[in-house]
Amino acid sequence: MPSLFKTSLAASSSADGSAGQPRSVPEGVPYHLVLARDQRRIGRGILAIVLLHAGLVGFGFVFGQLGGQIDLMLGRDSIVTGGTDFTPVTLATTYASTALLIPWSMFVQRWLYGVKGSSLHSVVLAFRPAVLGRAILFLVPVWAIYITLLSALQPSPAASWAVADLLFMFVVTIVIVPLQSAGEEYGYRGLIFRVAASWGRGPRSALTLGVAVSAVLFATIHLSTDIWLNLQFLAVGTAFALITWRTGGIETAVVLHAANNVFGLLLALVLHADLAASTDRSSGVGSIVFLIPVVLLAIITVVIWYRTRHDGPQLTPVRTSSQDATPATRGRPT
């Protein structure tokens, strides 16, 4: 009997649609193998990764310049225009630009691989409210406690904030920051995870490549020279990729990422922290305290893996003879 990996390649190869039509998502495969084909198409994968980062940098530049001009009109000395202020407009435009990675990742996948962008949500081609709700219920309180502990152990310098700025920052944190977090997840645990996994010759090498490449690139974009911060970024990238694989979708990783960023910013606002200083990632700013999230992420990943130990990761639906897709199935971890 052919392995799941070989079966998925055969199914995906035969599922290529006609010109201009999206290819069907292969049946009975885990999240990261949706783009796997008989040929590894490494050149195409590198192009996809380059395009993703071109979008990240390009959107950031355009939105940054727009925010800088708005600050100049408001008489603010923004860090974007060479000043020292980390303004609410700077925060809003910076995070909004990253949120655009959601549609951009979908576009790149559809353009280069012919697979519907909606498949980046999950193995059922939709963002699953039930999975989202469970992650919020069980993981958000845990992460809130962790962020509070981290703020106590690694306090940021204080700064003077105007009330209007604090209120604007609060709105940006609640509305835009979750979308920014989702943007990074769709880009790195979605598109790049799948692209790198498609280079593997077998199920283990595919998973290893997907996790490793997505985690390293995720750490790299944070431009940190501090060993503790880089260890944390690598742990986040690795854990979130494994969680996405086991749960069959991006929802849990989005919740954890958004909880980290939202709670971190909210506490910074409450404590009137200097946001410019708190975003410093140069060598020496980190400490052994950052092992706390590494351990916490390892525990969460192990728990999720344990809960799926019998059936394995969520798989894409298998169609019946009547061509109706059955509910998402499970399979052994391959």
Side-chain angles (χ1 to χ4, degrees), residues 53 55-101 143-144 146-185 187 218-226 228-230 232-233 236 257-287 289-290 293:
H53 288 94
L56 178 66
V57 174
F59 297 144
F61 176 78
V62 171
F63 275 61
Q65 293 303 309
L66 176 62
Q69 293 305 309
I70 293 174
D71 274 329
L72 286 177
M73 290 188 294
L74 296 175
R76 302 295 296 269
D77 194 19
S78 165
I79 58 174
V80 175
T81 54
T84 57
D85 291 346
F86 196 99
T87 67
V89 173
T90 298
L91 182 73
T93 53
T94 299
Y95 281 80
S97 68
T98 307
L100 290 177
L101 288 184
W143 214 257
Y146 148 67
I147 289 293
T148 303
L149 177 62
L150 183 65
S151 297
L153 296 175
Q154 192 88 5
S156 299
S160 177
W161 285 94
V163 173
D165 284 353
L166 288 172
L167 292 175
F168 189 9
M169 290 276 200
F170 174 79
V171 173
V172 170
T173 300
I174 297 299
V175 176
I176 299 180
V177 171
L179 295 176
Q180 172 267 337
S181 303
E184 291 189 2
E185 291 309 308
F218 177 71
T220 302
I221 64 164
H222 288 85
L223 303 175
S224 176
T225 56
D226 183 82
W228 295 107
L229 288 177
N230 279 317
Q232 180 191 19
F233 294 139
V236 168
H257 199 149
N260 184 77
N261 291 0
V262 169
F263 286 135
L265 279 170
L266 287 179
L267 267 179
L269 296 179
V270 170
L271 299 173
H272 289 209
D274 183 351
L275 290 183
S278 64
T279 56
D280 182 12
R281 292 169 180 158
S282 59
S283 180
V285 299
S287 71
V289 168
F290 286 96

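Positions are given from 1, in the same order as the sequence printed here.
When atom types are taken as modelled, the side chain of Thr94 and the backbone of Leu91 share no donor-acceptor pair closer than 3.5 angstrom. The main-chain N or O of Gly284 is found under 3.5 Å from a side-chain atom of Asp226 such that the two form a donor-acceptor pair. Ser224 places a side-chain N or O within donor-acceptor distance of the main-chain N or O of Arg281, the cut-off being under 3.5 Å. At least one donor-acceptor pair under 3.5 Å links the side chain of Trp161 to the backbone N or O of Ala273. Formation of a donor-acceptor pair under 3.5 Å by the Asp165 side chain with backbone atoms of Thr87 is not found in this model. Formation of a donor-acceptor pair under 3.5 Å by the Ser78 side chain with backbone atoms of Gly68 is not found in this model. Between the side chain of Gln154 and the main chain of Val285, a donor-acceptor pair closer than 3.5 Å is present.
Other residues, nucleotides and ligands contribute only 12 or fewer heavy atoms inside 6.0 Å of the CZ atom of Phe170.
With rounding to the nearest 0.5 angstrom, the NE2 atom of His222 is 9.5 Å from the CG atom of Leu229. Here OG1 of Thr173 is found 10.5 Å from CD of Gln180. Values are rounded to the nearest 0.5 Å. Taking CG of Leu56 as the start and OG1 of Thr98 as the end, the distance is 5.5 Å to the nearest 0.5 Å.
The two residues Phe218 and Phe233 come nearest to each other via the heavy atoms CD2-O, 3.6 Å. Across all non-hydrogen atoms, the minimal contact from Leu265 to Val177 is CD1-CG2, 3.6 Å. In plain terms, the two heavy atoms of Ala258 and Ser181 that are nearest each other are CA-OG, 3.4 Å. Annotation for Ser151 and Leu267: closest pair OG-CD1, 3.4 Å, computed over non-hydrogen atoms. Across all non-hydrogen atoms, the minimal contact from Asn230 to Ala219 is OD1-O, 4.2 Å. Of all heavy-atom pairs spanning Pro88 and Val172, the tightest one is O-CG2, 4.5 Å.
At a cut-off of 3.5 Å, with distance as the only test, no side-chain donor of Gln65 or Gln69 sits close to an acceptor on the other residue.
Under the rule for a ring-ring contact (aromatic ring centres under 6.0 Å, His included), Trp228 has no partner lying at least two apart in sequence or in another chain.
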